[in-house]
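One structure is given here, and the rest of the page talks about it.
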Amino acid sequence: MSASAKEHLFALAGNPNCGKTTLFNAITGARQHVGNYPGITVEKKEGLCSLDGHTIRLVDLPGTYSLTAYSLEELVARDFLVHERPEVVINIVDASNLERNLYLTVQLLELGVPVVVALNMVDVAESRGVRIHCDELSRRLGVPVVPTVARRGEGKESLLKAAVQTSESGRKWEPLRLSYGADIDPTLQDMEQIIEEKGLLTDLYPARWTALKILEEDEQVLGKAREADPDLTQRLLSLAAKVITHIQKTLDSYPEAIIADHRYGYISGLMRQGIVEQRWRGDRLLWSDQIDRVLTNRFFGPLIMLAVLYGVYQITFTYSEIPVGWFEAAFSALGSWAESVLPEGPVRSLVISGIINGVGGVVGFVPLIFLMFLAIAFLEDTGYLARAAYMLDRVFRIFGLHGNSFMAFIISGGIAGGCAVPGVMATRTLRSSRERLATLLTAPFMNCGAKVPVLAMLIAAFFSENRAQVMFLLTLLAWIFALVLAKLLRSTILRGPSTPFLLELPPYRIPTFKGLMIHTWERIWQYVSKAGTTILAISVLLWALMAFPGLPEEKRAVFEKGRQEVVAGLPAEVRAPLLAGEDPASSDPAVIQAATALAELSRQEATEALKYSFAGRMGRALETFSRWCGFDWRTNVALVGGFAAKEVIISTLGTAYSLGQVEADQSLSLSQRLQQDPHWKPLTALAAMIFIMLYSPCFVTVTCIVKETGSWKWGLFSMAFNTTVAFVFATAVYQGGRLLGF
Ligand code: GDP
Ligand code: MG
């Protein structure tokens, strides 16, 4: 047999969604095998095909945008390339998204692996009026470029031919050498030379690549280098450290970002060399463009965005009112029923105050949250949210943030109803660590899905005339606070310049019903399952803190004596039902008066007991401060509980106010109860809403901040900083309002 009959190993690499799997299937057909990479969950697909007597083994690598060590997919792809040494890497590039896809191509070339580019989806590019000149692209990149349409199997033979030719050409591959600017190049050069001389990892990577990875502090490469030669690695690291601190000081950035910028710079240089020709504008794009001309217009864009958000509130609040009422009624009926079947005592109190009122307060808002999530899913799926990010980038820049911060804010509840936990995680897309910190510290100011019901409840109680308007206003306020405080952070402890922004606007789409439902359901489920677990547990715990220890015997005796005195002069047959809290069924004014007096005594006793409880003591201790912003100790208890999860604020207020109330009021909703409480006025509610919006993120978010920043410092900082800010603003509103006479 001739040498050409041996088995070839080729790998497919490309961004997610570039058509890799489609091409792989088109080439290998049924001759494929799916397994996992050893020990991890990343799928490994292998297949066989033949061409002119050559057998080709083809491996479909995980889709990646980059070759860093951040994700498992990237590590797997990278390891495969350096350890398995495929003869050719077929790099699939989405022609309709050329600039972004070339970022991976450039890195493959820097790694020095033999590349053949499959320029896929040329049909999509054509339909948008874009023609790419393959010859020119091939000449500039120095590798073969073959146009393909994977979906129709077009171009696969030419592609395989080019790959076989490349593998047999015996060409010596030189890694692509880019310049990374005056700050990095000299040191990189030195490091490269040292690595080359000592042969550090040169069996795996080109010396320049290893040097780059050390500058980027790539965990995996550093690990391998340390294993091979710890002293040399240390020496290289201290060389790198100088550049890192220098870049930090002068550019307020870090090598990885600068290196990425230069890669993008190289690519945008390429793009300007007549490779891409825009021949006409495709229908869909044209249509999208025309919509964009209005929706992202400098003047109309922001106005329309505000109108869209306002519409979301109108819909959410108007249409949720009735079903929210049903839920409330159902839970209060459940409460009355429990009251009628359970004997008086701690069990009844636990079931009604701890469980039904606690969980009911949260679950009751499901219709509202559902509509809010549905609206967000709609905006997301149509592509409108990306436009909003695009428009807001200009604004974000002013506040030292980045266009990509937008998603973190939206996910955290920027349109109201979200969660800061995934929001904080979403900041991973930010490349500058300061912009990232500023974003993740301020994203929790947004009105997350847990705060919305609390705010909605207060709005229903005190601003019921203008629900949507007040909610809309609170959302605007959240943004203003977040942006202004981000600016504050970025001009003090997180000072430094902004990084450039690259964002593509996807064409508008009509969302599918199924897609909307799935997105909405996922979020609703998170919310409800939290109510069923965490919130139930915390609600019961807080109930226990509020119910124990009971009033001491001598205090109870005082109330008992008071009761006896009230009924002393009454006929014996009404005494027993009166004392048991039952209706004496008498029209005698003296009896009615006595019943009222007894009710008042019970209320006082319950309040006294709550004050005496563990939670009450804590709440009262906090009154020293909270007096300034108008909160009584019951609100304090709820706010402390809210640190565990913001939803708990409602359930705790529910519990606190039902414990402190006489039995006859049991079926009132919390809104009604607060409305009737002499302590609560619209001004108090406003101060409370401001405080709730701003104070410490919940426990889970804080844990997440700690994880994402890798330090307790930022977790504690966010708790202290946010609570201070909340206190200052709530106090300002409350005291200001009082001065103005509200
Ligand atoms: P992967 O994530 O890279 O594996 O991408 P897939 O192979 O799953 O392809 C993503 C989507 O693009 C699928 O809907 C394919 O049908 C579609 N697709 C792939 N190649 C082409 C192509 O050349 N032209 C068009 N129009 N669609 C393509
Ligand atoms: Mg795939």
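In listed order, ligands and their atoms are each counted from 1.
- Distances from ligand 1 to the non-hydrogen atoms of G63 include no value under 4.0 Å.
- At under 3.5 Å, not a single nitrogen or oxygen of T148, backbone or side chain, sits near a nitrogen or oxygen of ligand 1.
- Contact of the R171 side chain with the T166 side chain is not registered, since no non-hydrogen atoms from C-beta on lie closer than 4.5 Å.
- Between H262 and Y264, the distance separating the two ring centers is not shorter than 6.0 angstrom.
- At least one N/O-N/O distance between C18 and ligand 1 falls below 3.5 Å.
- Judged purely by atom type and a 3.5 angstrom limit, E136 has no side-chain atom pairing as donor or acceptor with the backbone of I275.
- The closest non-hydrogen atom to atom 4 (O) of ligand 1, taken over T21, V124, N17, V149, comes from T21.
- Side-chain rings of Y384 and F378 stay apart, their centers remaining 6.0 Å or farther from each other.
- When only interatomic distances are considered, the shortest N/O to N/O separation between V122 and ligand 1 does not fall below 3.5 Å.
- Side-chain contact between P114 and E87: absent, with no pair of heavy atoms (C-beta onward) separated by less than 4.5 Å.
- Remark: ligand 1 atoms within the under-4.0 Å shell around heavy atoms of T22 are 6 (P), 7 (O), 9 (O), 15 (C), 19 (C).
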